[in-house]
Amino acid sequence: MTNKKTSVWIDTDPGHDDAMAILLLAQNPLVEILGISTVFGNASLPKVTRNARYILDLANRNDIPLFAGAEQPLFRDQIYANIHGESGFDGVALIEATPVTVDEAQSAMITAIKNANAPLTILALGPLTNIAKLFTARPDLVKRVQRLIIMGGAIAVPGNKNRVAEFNVFCDPEAAEIVFNTIIPKTLIPLDPCTPVVLTDQNIASLPNGTVGTTLKRALASYVKNIDTFEGIHGALMYDPIAAYFLLNPSAFETQPMDVRVETTSKGLTYGMTIAERRTIAERTLNMDVVTKVDEKRFVLAFLEAIHNMDAQKRSM
Ligand code: RIB
Ligand code: CA
């Protein structure tokens, strides 16, 4: 990352990994978080919005504006995750979720994009419903977005929500197809490079004993247990923090330009599958850069250091 500030809007469905992505960016002085919009996904809209507020409180970053977005997919029925628990952020004490103003995020995102005085990146960590609605309503704004970084999809690996589909895309395949077809420069971080990267028990034990580290250890105890139960993987999956890390240090990643589409017509086994044209001779419309590799060691080190820095900053206040 150069030493100039990066402006970013985060669209998210916290979610333990979303929480870690927000913490990673919130503590970085070279990142200006213009705002956070929430979207249904890991839990209902009121719950993920409550969770986002909790995380901003934990990070002492209530200066970052927070807006509720979509409460349901564009067309399909709603599905939920299981690894984040009933609250969407199990393992910590949360206040009761209260009703939110659905879609208030739309006008906030439009204002932020129009008023951005530096090139703006959007980091999408949940279902793409808010982003699809935004650029359907205001296609004129696509040229004002420098890059859209998306955690989602699965290219050459199985899905994590069913045989073929990754959760964020499967939550709203039609929204993903709309976003994939915009001309915004896009970087996709699919399951392929993410699934092998987990925080180990040792990594988690090395988190600091300040408020952030202690809270994270409690939340991750629940997250790791659910991942063991539902995914048969041991460790804390780091999908969203990896996507956030791309913003901080793209040199730690390898990418490949691809033509990626979403299956939205079949409502059967392949519904929500992300399909890349990988034949060498076929005609392709390259619509995104796809991350194929991440430097796992650099990422894990950067994440652990960020949490230590955040607790050290809190202690010095
Ligand atoms: O498939 C992983 C994605 O779905 C992550 O963003 C996780 O938070 C869930 O939203
Ligand atoms: Ca997420």
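In each ligand, atom 1 is the first atom listed, and ligand 1 is the first ligand listed.
Excluding waters, the set of protein N, O or S atoms lying under 3.0 Å from the Ca ion (ligand 2) comprises D13 OD1, D18 OD1, D18 OD2, L125 O, D240 OD2.
Judged by distance alone, the side chains of S7 and E32 do bring a donor and an acceptor atom under 3.5 Å apart. Judged by distance alone, the side chains of T229 and N226 never bring a donor and an acceptor atom under 3.5 Å apart. No side-chain donor from either of Q313 and N309 sits under 3.5 Å from a side-chain acceptor of the other. Judged by distance alone, the side chains of N203 and S206 never bring a donor and an acceptor atom under 3.5 Å apart. Between the side chains of H234 and D201, at least one donor N or O lies within less than 3.5 Å of an accepting N or O.
A salt bridge is absent between K133 and E71; no separation between the charged side-chain nitrogens and carboxylate oxygens falls under 4.0 Å.
When each atom of ligand 1 is checked for a heavy atom of D18 under 4.0 Å away, the hits are 8 (O). With ligand atoms numbered from 1 in the order given, ligand 1 contributes 2 (C) to contacts under 4.0 Å with heavy atoms of Y239. Here is the list of ligand 1 atoms found below 4.0 Å of a heavy atom in M151: 2 (C), 3 (C), 5 (C), 6 (O).
Ring-plane geometry between F253 and F246 is classed as perpendicular, the angle between the planes exceeding 60 degrees on a 0 to 90 degree scale with a lower cut at 30.
Polar contact check, L125 against ligand 1: a nitrogen or oxygen pair lies under 3.5 Å apart.
Of the heavy atoms in N160, only side-chain atoms (C-beta onward) come closer than 4.0 Å to ligand 1.
When hydrogens are left out, the protein atom nearest atom 7 (C) of ligand 1 is D17 OD2, 3.3 Å; that is the closest non-hydrogen contact. Protein heavy atom at the shortest distance from atom 9 (C) of ligand 1 is N42 OD1, 3.3 Å. At the top of the distance list for atom 6 (O) of ligand 1, counting protein heavy atoms only, stands D240 OD1, 2.7 Å. Nearest protein heavy-atom neighbour of atom 1 (O) of ligand 1: E166 OE2, 2.5 Å.
Every side chain to side chain contact (heavy atoms under 4.5 Å, CB included) that A97 has, sequence neighbours left out, goes to P46, K47, R50.
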Verdict with supporting geometry, N249 and F299, side-chain contact (heavy atoms from CB on, under 4.5 Å): CA-CA 9 Å; N249 190 4; F299 161 68; over 6 Å; no
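At least one side-chain heavy atom of N82 sits less than 4.5 Å from a side-chain heavy atom of K161. Within the 4.5 Å cutoff, no side-chain heavy atoms of W9 are placed close to those of V145.
The option with the heavy atom closest to atom 4 (O) of ligand 1, from among N168, T195, L191, is N168.
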